[in-house]
Amino acid sequence: MKLLVCGGAGFIGSSFVRIRIADHGDDVVVLDKLTYAGRRENLEGLGVPLVEGGIEDPVRVAEALDLGGAEAIVNFAAETHVDRSIAEPDAFVRTHALGTHVLLEAAREHGLRMLQVSTDEVYGSIEDGSFTEESPLRPSSPYSATKAGADLLVASYTHTFGLEALICRGSNNYGPRQYPEKLIPLMILNALHGDPLPVYGDGLQVRNWLFVEDFARAIGHVLAHGTPGEAYNVGGPDECPNLEVVRRIVELTGAPESLIQYVPDRPGHDRRYSLGSEKVRALGWAPRVRFDEGLERTVRWYRDNEAWWAPIRSGDYRAYYERQYGRSLGRR
Ligand code: NAD
Ligand code: TYD
């Protein structure tokens with residue numbers, strides 16, 4: 001299949017591209033703005049053409065579509081960090097609202113199928129039980145609110161124009177090549193460097209962990225077998241409170257537990273996310289990687305791939321870290 005993958009230089013997008021080429025022999029073109037989170041290194045060795053540009057730019061989108069003769073668009077392009085959306089929401093509105101609209105118009109003009117990659121955060125927080133695709137959207141941060149807006153726009157294009165659009169809502173992903181602003185890679189790298197491990201609030205918030213390759217496979221599966229106009233939840237096999245995640249990382253890295261530090265909570269912090277995934281399982285997808293195994297693989301990957309993270313730990317990231325945590329990182 002010929003695919004235009006938007007945001008394909010990021011964490012999940014690049015895993016998707018790798019799997020589509022290796023397992024399905026797809027022809028892929030990537031369109032990516034190469035923000036702080038998008039990296040050419042993530043596509044190294046795959047031989048994929050990369051068009052540098054924003055999904056909100058119709059000229060660049062048209063160029064990328066012409067280049068590969070795409071049969072479908074898969075959209076990963078997004079601003080993805082809740083803490084950044086609290087500090088600076090502008091880019092979230094631009095990419096999620098305007099960008100998704102430009103892609104929908106392009107898909108409509110060319111008669112293409114489009115898959116929008118979304119998140120469990122659009123449903124908000126849940127104390128007990130799990131969200132289904134019928135649950136109301138109650139996003140709580142500028143990140144999740146703009147993602148929910150994009151989902152609604154996508155659904156409207158199927159309803160109004162008959163566009164073959166699908167939505168995949170994933171739970172918290174983790175694995176190789178995740179930017180170290182997110183909980184798991186941040187804690188792994190800090191633990192390996194002897195830096196403090198900043199736990200927000202009481203650390204008892206619960207996330208539903210999904211290994212990145214499992215999400216990438218689910219997206220391909222929904223693209224091929226899903227019903228246009230439908231949304232599919234893709235939840236991980238295990239839930240775990242943050243503090244427990246951090247303790248396991250301490251164990252796996254051999255760092256002292258005294259590095260754990262409680263810091264002020266995130267404003268509007270969602271307590272628990274949990275997705276029911278019966279609908280996508282009925283299509284024939286199931287997760288393959290349990291949290292214990294995936295976390296071990298992830299720690300090993302960061303340990304073995306200093307060349308990937310060293311430039312991040314020595315660049316703009318240090319200024320971001322200082323703003324976010326009010327302290328600087330230790331050695332590079
Ligand atoms: P990421 O931050 O690693 O990558 C995002 C990519 O999008 C980067 O390559 C970036 O350069 C690119 N990008 C940003 N704005 C762009 C724009 N305007 N035009 C073109 N490219 C742009 O994010 P990720 O974790 O790989 O997330 C990918 C998608 O999956 C997002 O839509 C996110 O909402 C969704 N998602 C993520 C998770 C998670 O836990 N990481 C869970 C569920 C869903
Ligand atoms: P994060 O990886 O930012 O994902 P999300 O907010 O999309 O779930 O955070 C995961 C959880 O970890 C969330 O409850 C916030 C918490 N967290 C910390 O306790 N400390 C940190 O330094 C970070 C980045 C997150």
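Note that ligands are numbered from 1 as they come in the structure, with each ligand's atoms numbered from 1 the same way.
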Quiz item: So among His225, Arg169, Lys279, which one has a side chain to side chain contact (heavy atoms under 4.5 Å, CB included) with Tyr232?
Solution: Lys279
Quiz item: How does the hydrophobic cluster around Val59 look, that is, which other residues are in it when side-chain heavy atoms under 4.5 Å mark a link?
Solution: none
Quiz item: Among protein heavy atoms, which sits nearest to atom 3 (O) of ligand 1, and what does the distance come to when rounded to 0.1 Å?
Solution: Phe11 N, 3.0 Å
Exercise. Give the atoms of ligand 1, by number and element, whose distance to some non-hydrogen atom of Ser171 is under 4.0 Å.
Key: 42 (C), 43 (C)
Self-check item: From Arg60, Lys33, Arg40, residue fulfilling side chain to side chain donor-acceptor pair (under 3.5 Å) relative to Glu52
Solution: Arg40
Practice problem: Would you verify whether the NZ or CZ of Arg207 falls within 45 degrees of the ring axis of Tyr174 while also being under 6.0 Å from that six-membered ring's centre? | Solution: no
Name every donor-acceptor pair, under 3.5 Å, that has one atom in a side chain of residues 102-112 and the other anywhere in the protein, sequence neighbours excluded.
residue, atom, partner, partner atom, Å
Glu105, OE2, Arg108, NH1, 3.3
Glu105, OE2, Tyr157, OH, 2.6
His110, ND1, Ala106, O, 3.0

Name each N or O atom in ligand 2 that is under 3.5 Å from a protein N or O, and give the partner atom and the distance.
residue, atom, partner, partner atom, Å
ligand 2, 2 (O), Leu183, N, 2.8
ligand 2, 3 (O), Arg266, NH2, 3.0
ligand 2, 4 (O), Asn172, ND2, 3.4
ligand 2, 6 (O), Arg266, NH1, 2.5
ligand 2, 6 (O), Arg266, NH2, 3.4
ligand 2, 7 (O), Glu121, OE2, 2.4
ligand 2, 8 (O), Asn172, ND2, 2.9
ligand 2, 8 (O), Arg207, NE, 2.7
ligand 2, 12 (O), Asn242, ND2, 3.3
ligand 2, 14 (O), Arg207, NH2, 3.1
ligand 2, 14 (O), Asn242, ND2, 2.9
ligand 2, 14 (O), His269, NE2, 2.7
ligand 2, 19 (O), Tyr200, N, 2.9
ligand 2, 20 (N), Pro198, O, 2.8
ligand 2, 22 (O), Pro198, O, 3.3
ligand 2, 22 (O), Tyr325, OH, 2.7

Quiz prompt | More than 12 heavy atoms from other groups under 6.0 Å of CZ on Arg288 | solution = no
Self-check item: Residue selection (non-hydrogen contact nearest atom 20 (C) of ligand 1) among Lys33, Arg84, Arg177
Solution: Lys33
Practice problem: Please could you name the atoms of ligand 1 that Gly54 approaches to less than 4.0 Å, counting only its heavy atoms? | Solution: 19 (N), 20 (C)
Quiz prompt | Whether Asp32 side chain and Ala9 backbone form a donor-acceptor pair below 3.5 Å | solution = yes
Practice problem: Nearest heavy atom to atom 10 (C) of ligand 1 wins, so pick from Leu34, Thr35, Leu98, Leu31. | Solution: Thr35
Self-check item: Residue His24 excluded, over 12 heavy atoms near NE2 under 6.0 Å
Solution: yes
Exercise. May I ask you to decide whether Lys147 forms a salt bridge with Glu79, counting only side-chain N to carboxylate O separations under 4.0 Å?
Key: no
Exercise. Report yes or no: is the cationic atom of Arg290 (NZ for Lys, CZ for Arg) closer than 6.0 Å to the six-membered ring centre of Trp209, at no more than 45° off its axis?
Key: no
Quiz prompt | Check: Tyr179 ring centre within less than 6.0 Å of Phe11 ring centre | solution = no
Quiz item: Are Ala91 and ligand 1 in contact, using a heavy-atom cut-off of under 4.0 Å?
Solution: no
Exercise. Find all atoms of ligand 1 within a distance of less than 4.0 Å from any non-hydrogen atom belonging to Asn172, and give their numbers and elements.
Key: 40 (O)
Quiz item: Does Ala9 have a non-hydrogen atom less than 4.0 Å from ligand 1?
Solution: yes
Quiz item: Near Asn173, which atoms of ligand 1 are under 4.0 Å from a heavy atom of that residue?
Solution: 39 (C), 40 (O), 42 (C)
Practice problem: Pick one of side chain, backbone, both or neither for how Glu56 approaches ligand 1, counting any non-hydrogen atom pair under 4.0 Å. | Solution: side chain
Self-check item: More than 12 heavy atoms of other groups within 6.0 Å of Arg138 CZ
Solution: no
Quiz prompt | Protein heavy-atom partner closest to atom 6 (C) of ligand 1 - residue, atom, separation in Å | solution = Gly7 O, 3.8 Å
Quiz item: Where does Arg94 meet ligand 1, judged by heavy-atom distances below 4.0 Å: at the side chain, the backbone, both, or neither?
Solution: neither
Quiz item: Restricting to pairs with a member in residues 56-91, which pass ring pair (Phe, Tyr, Trp, His ring centres under 6.0 Å), not counting sequence neighbours?
Solution: Phe16-Phe76
Quiz item: Are more than 12 heavy atoms from other residues, nucleotides or ligands located less than 6.0 Å from atom CD of Glu63?
Solution: yes
Quiz item: Looking at atom 1 (P) of ligand 1, what's its closest protein heavy atom, distance included?
Solution: Thr80 OG1, 3.8 Å
Practice problem: Would you tell me which option among Gly236, Gly10, Ala77 has the nearest heavy-atom contact to atom 4 (O) of ligand 1? | Solution: Gly10
Exercise. Just jot down the ligand 1 atoms closer than 4.0 angstrom to any heavy atom of Gly170, in number order.
Key: 43 (C)
Quiz item: So which protein heavy atom does atom 14 (C) of ligand 1 come closest to, and at what separation?
Solution: Ala78 O, 3.3 Å
Quiz item: Per the ring-ring contact (aromatic ring centres under 6.0 Å, His included) rule, which among Tyr302, Tyr321, Trp309 passes with His193?
Solution: Trp309
Exercise. Would you indicate which of Thr119, Val51, Ile12, Ile184 comes nearest to atom 38 (C) of ligand 1 when only heavy atoms are counted?
Key: Ile12
Self-check item: Protein residue, atom and distance nearest to atom 19 (N) of ligand 1, heavy-atom basis
Solution: Ile55 N, 2.9 Å
Quiz item: Are Leu3 and Leu31 grouped together when hydrophobic residues (ILVMFWY) are joined by side-chain heavy atoms under 4.5 angstrom apart?
Solution: no
Quiz item: Closer than 4.0 angstrom: is that true for some heavy atom of Ser118 and an atom of ligand 1?
Solution: yes
Self-check item: Candidate with minimal heavy-atom separation from atom 34 (O) of ligand 1, of Tyr36, Tyr143, Tyr179, Phe76
Solution: Tyr143
Quiz item: Identify the closest protein heavy atom to atom 32 (O) of ligand 1: which residue and atom is it, and at what distance?
Solution: Lys147 NZ, 2.7 Å
Quiz item: Does Gly53 come within less than 4.0 angstrom of ligand 1, counting non-hydrogen atoms of the residue?
Solution: yes
Quiz item: Is the shortest N/O to N/O distance between Arg39 and ligand 1 below 3.5 Å?
Solution: no
Quiz item: Counting only heavy atoms not in Asp316, do more than 12 sit closer than 6.0 Å to its CG atom?
Solution: no
Quiz item: So which protein heavy atom does atom 35 (C) of ligand 1 come closest to, and at what separation?
Solution: Val117 CG1, 3.8 Å
